Amino acid sequence: MQATSFTPDTPIRFSVIHRLLHLVVMFGFTGLAVTGLSLGLSSTTPARGFMWLIGGASHAAMLHRYCAVVTYGCVVIHALWFLYYKFGLAGAWTGPDSIVPSLKDLKDFKHHLAYFFGLEKTPPRFDKFSYMEKIEYWALFIGMNTMGITGLVLWYPECFTRYIPGFFVNLAQTLHFYEAVLAVVVKFFIHIGMAHFRPETYPADTSIFTGRSHKK
Amino acid sequence: MNRHILQSGFRKIYPLYFGIVLATIALILIGICGKAGAAMLPPSGAGSDWFIDMNRFALSAHAALKCDDCHGSMIVNGLQHSDEKRPDFLRQSATRTYDYARCRRCHELSFKRYLEGGHAKALREEKDPSKEKKQVTGGKIMAPTCGECHASHYERSGLSRVAVGQRMLGACASCHPANAASYRNNIHGRVGIDLGNPKAAFCTDCHGAHTVDSLKKPQTALLACKRCHPKAETEFTGIVIHASLESVSAADAPKRAEVLWIHRIRWFALAVLALSLAFFVAHSFLWLLREIHEKLRKH
């Protein structure tokens with residue numbers, strides 16, 4: 001880990017609020033994943049074993065909802081922070097430090113692919129956030145909200161069926177499951193693998209925990 | 001030194017967190033592999049035979065009864081048991097020849113409910129020569145009487161709600177396999193059968209033990225829903241519990257349309273999942289190969 005090489009002028013990549021939110025979401029998301037998948041794969045022995053360990057389906061349901069509130073709470077705090085950044089701090093929407101996709105991301109993507117195949121000697125010089133980080137960020141942002149909405153329908157079906165047809169609850173359940181599988185695979189395999197286990201960053205990219213950037 | 005606090009804290013939780021992640025991945029993998037093997041149903045308790053295992057009978061709910069309490073004079077269809085002149089006697093189905101009206105003596109309420117219920121109605125229709133219904137079952141009587149669901153010699157009393165529910169699913173599945181399969185895929189089946197939660201709804205909790213209503217009318221279904229979901233209103237019954245085409249009757253066109261929509265959305269979600277994963281996996285794989293190559297080249 002590059003932790004000891006900090007100097008006072010090391011650029012700060014993630015501010016305290018983002019580090020804290022990442023840490024909370026990390027545990028909230030894991031909680032959601034293990035309790036949710038145990039229900040999704042309930043006919044399997046490991047899922048039953050895990051459910052037994054945490055005290056049965058009722059406790060899993062309670063834990064899942066608790067983790068959901070905590071995790072979605074982070075989304076709300078993040079959105080509020082974004083509004084403050086825009087209007088309170090008069091920050092920019094676009095530019096090299098922005099998370100908003102731009103034309104440069106497309107060029108970076110083409111450049112990066114060319115680099116994979118050896119057509120370019122060097123990887124592209126990304127802005128603060130690479131196209132991969134932007135895809136993950138926006139996929140997560142959309143995912144959190146669809147999971148939130150479908151999850152809420154499944155949490156309060158009695159209330160929602162006053163306004164929507166009954167079989168929409170089935171649709172919500174289907175979407176909730178497949179979105180969950182996508183999110184779990186992308187976060188546990190792709191995100192952790194590519195953010196931390198890549199030869200460049202192995203064994204871990206600590207900047208999301210320390211806030212300090214270790215590259216230029 | 002302040003900035004190192006989170007750093008050192010992270011060092012401590014790092015192995016823990018990745019332990020959790022690896023355990024989860026292992027759980028998913030073992031889970032997917034074990035899914036087919038673990039999806040076995042507990043054996044159905046239904047059905048009777050001419051030959052009685054007295055050891056098992058002694059443990060059953062009827063253990064205190066003597067043979068002739070139920071079998072009386074041992075006369076079935078006008079023939080005395082055992083009839084040496086008719087050795088093919090034993091080839092008949094025991095559950096089809098027994099006169100289950102005798103159960104009524106002790107189980108008055110259940111018997112009354114059975115007569116009012118769906119199974120008895122189906123039996124009357126199958127026996128009615130004026131109805132064309134016989135074409136469906138090929139002239140065979142399919143509608144169950146007591147013995148098709150209850151093993152009168154071996155059924156034990158005092159089982160837990162979950163154990164009864166699991167055995168019940170096996171009994172119902174012997175005639176309604178598609179409905180049993182779709183129920184198992186539903187939240188009620190998962191929580192009740194797979195995870196053994198006694199608060200979950202088993203077959204008869206909604207359909208009634210002896211009335212066996214198919215719950216096609218929303219008003220009837222709502223009464224069943226409200227037993228656990230008191231705030232439910234009529235549209236709540238529109239939630240599809242048996243969400244497969246095989247478990248919805250061909251005549252119920254609106255419901256089939258809904259199930260088709262559920263299938264379409266499932267395929268759509270699966271396509272999005274597959275395409276996204278294909279992109280992420282391919283992109284990551286190429287990236288890794290290039291970085292490993294660069295690293296090795298510099299050595």
Side-chain angles (χ1 to χ4, degrees), chain A residues 1 3 6 19 26 30 33-34 37-39 41-48 50-51 56-58 60 112-113 115-118 132 139 157-159 161-162 164-167 169-171 173-175 177-179 181-182 184-186 188-190 192-194 198-200 204 206 209-210 212, chain B residues 3-4 6-7 10-11 14 17-18 20-21 24-28 30-32 34-35 37-39 184 187 190-191 194-197 199-200 229 231-233 235-240 243 258-259 261-262 265-266 269-270 272-273 276-277 280-281 283-284 286-292 294-295:
Chain A
M1 284 183 233
F6 291 157
R19 285 178 252 162
M26 204 167 95
T30 310
V34 291
L37 279 179
S38 298
L39 182 62
L41 302 170
S42 60
S43 62
T44 66
T45 315
R48 289 186 212 194
F50 179 76
M51 282 291 203
S58 312
H112 212 197
L113 277 187
Y115 172 67
F116 293 166
F117 291 108
M132 199 61 193
E158 295 96 333
C159 173
T161 46
R162 274 171 217 169
I164 57 172
F167 79 106
V169 176
N170 293 75
L171 300 185
Q173 192 265 322
T174 306
L175 290 173
F177 175 73
Y178 285 98
E179 172 90 47
V181 173
L182 178 62
V184 165
V185 174
V186 167
F188 285 161
F189 290 83
I190 309 288
I192 292 178
M194 297 316 285
R198 203 150 47 84
E200 278 282 298
T206 52
F209 303 104
T210 61
R212 299 320 191 269
Chain B
R3 60 173 172 249
H4 293 302
L6 201 55
Q7 181 67 26
F10 174 64
R11 278 213 185 104
Y14 183 81
Y17 180 65
F18 283 102
I20 293 170
V21 170
T24 314
I25 294 168
L27 189 94
I28 296 167
I30 300 169
I32 291 165
K35 185 161 178 141
R184 257 180 82 90
I187 182 76
R190 285 172 182 275
V191 171
D194 291 340
L195 304 172
N197 189 324
K199 284 187 205 155
H229 305 274
K231 286 181 188 156
E233 286 176 23
E235 191 49 41
F236 187 81
T237 62
I239 300 173
V240 189
E258 290 178 5
V259 173
W261 269 111
I262 296 167
I265 294 288
R266 177 172 297 138
L270 204 61
V272 171
L273 174 70
S276 313
L277 288 186
F280 280 118
V281 169
H283 181 270
S284 307
L286 290 172
W287 195 354
L288 275 178
L289 277 189
R290 170 55 56 185
E291 286 207 356
I292 292 167
E294 292 297 322
K295 201 127 197 164

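The chains referred to below are lettered A, B, ... by the order of the sequence lines, with proteins before strands, and numbering in each begins at 1. Here the structure is a predicted model, which is why all the values come from computation and not from measurement. Atom set for the values below is all heavy atoms of this structure, side chains included, hydrogens, waters and symmetry mates excluded.
- Among the candidates A:Gly193, A:Cys159, A:Gly118, the residue making the largest number of heavy-atom pairs closer than 4.5 Å to chain B is A:Gly118.
- Of the atoms belonging to B:Val281, heavy atoms from both backbone and side chain fall under 4.5 Å from chain A.
- Put simply, of B:Leu277, B:Val191, B:Thr24, B:Leu286, the one with the most heavy-atom pairs under 4.5 Å next to chain A is B:Leu286.
- With hydrogens and angles disregarded, a donor-acceptor distance shorter than 3.5 Å links the side chain of B:Glu235 to the backbone of A:Gly166.
- Contacts with chain A were tallied for B:Thr237, B:Val272, B:Leu270; B:Leu270 has the most, counting heavy-atom pairs under 4.5 Å.
- A:Phe167 places none of its side-chain heavy atoms less than 4.5 Å from the side chain of B:Val259.
- Residues A:Pro157 and B:Ile239 come closest through the heavy atom pair CB-CD1, 4.1 Å.
- Put simply, of A:Phe177, A:Tyr115, A:Phe50, A:Phe117, the one with the most heavy-atom pairs under 4.5 Å next to chain B is A:Tyr115.
- Heavy atoms of B:Leu289 lying under 4.5 Å from chain A are absent altogether.
- For B:Ile292, the parts lying near chain A are the backbone and the side chain together; criterion is any non-hydrogen pair under 4.5 Å.
- The heavy-atom pair separating A:Ser43 from B:Arg184 by the smallest distance is CB-NH2, 3.9 Å.
- Between chain A and the residues B:Leu195, B:Ile265, B:Ile187, the largest count of heavy-atom pairs under 4.5 Å involves B:Leu195.
- At least one donor-acceptor pair closer than 3.5 Å links the side chain of A:Asn170 to the backbone N or O of B:Val240.
- Only the side chain of A:Val169 comes within contact range of chain B, with heavy atoms under 4.5 Å apart.
- Not counting sequence neighbours, the partners of B:Glu294 by the side chain to side chain donor-acceptor pair (under 3.5 Å) test are B:Arg290, B:Arg297.
- For A:Ile164, the part lying under 4.5 angstrom from a heavy atom of chain B is the backbone only.
- Between chain B and the residues A:Thr161, A:Ile190, A:Val181, the largest count of heavy-atom pairs under 4.5 Å involves A:Thr161.
- Residue contact with chain A, scored on non-hydrogen atoms closer than 4.5 Å, involves the backbone and the side chain of B:Lys231 alike.
- When heavy atoms are compared at a cutoff of 4.5 Å, A:Leu39 approaches chain B by way of both its backbone and its side chain.
- At a threshold of 4.5 Å between non-hydrogen side-chain atoms, the residues B:Trp287 and A:His112 count as touching.
- Formation of a donor-acceptor pair under 3.5 Å by the B:Glu291 side chain with backbone atoms of A:Glu200 is found in this model.
- Residue A:Thr30 touches chain B through its side chain alone, counting heavy-atom pairs closer than 4.5 Å.
- The side chain to side chain contact (heavy atoms under 4.5 Å, CB included) test with B:Arg266 singles out one residue from A:Thr174, A:Leu171, A:Leu175, and that residue is A:Thr174.
- A:Phe189 touches chain B through its side chain: at least one heavy atom from C-beta onward sits under 4.5 Å away, while N, CA, C and O do not.
- Contacts of B:Val21 with chain A are made by side-chain atoms alone, with heavy-atom separations under 4.5 Å and no backbone atom involved.
- Heavy atoms only, all atoms of each residue included: A:Ser58 and B:Lys199 are closest at OG-NZ, 3.9 Å.
- Most heavy-atom pairs under 4.5 Å with chain B: of the set A:Arg162, A:Met51, A:Met132, this distinction falls to A:Arg162.
- In this structure the side chain of A:Met194 never reaches within 4.5 angstrom of the side chain of B:His283, judged on heavy atoms.
- In terms of heavy-atom pairs under 4.5 Å with chain A, the best-connected choice from B:Lys295, B:His229, B:Glu233, B:Glu258 is B:Glu258.
- A:Glu179 meets the salt bridge (Lys or Arg N to Asp or Glu O under 4.0 Å) test with no other residue; sequence neighbours excluded.
- The minimum heavy-atom distance between A:Arg48 and B:Asp194, with the atom names listed, is CD-O, 3.3 Å.
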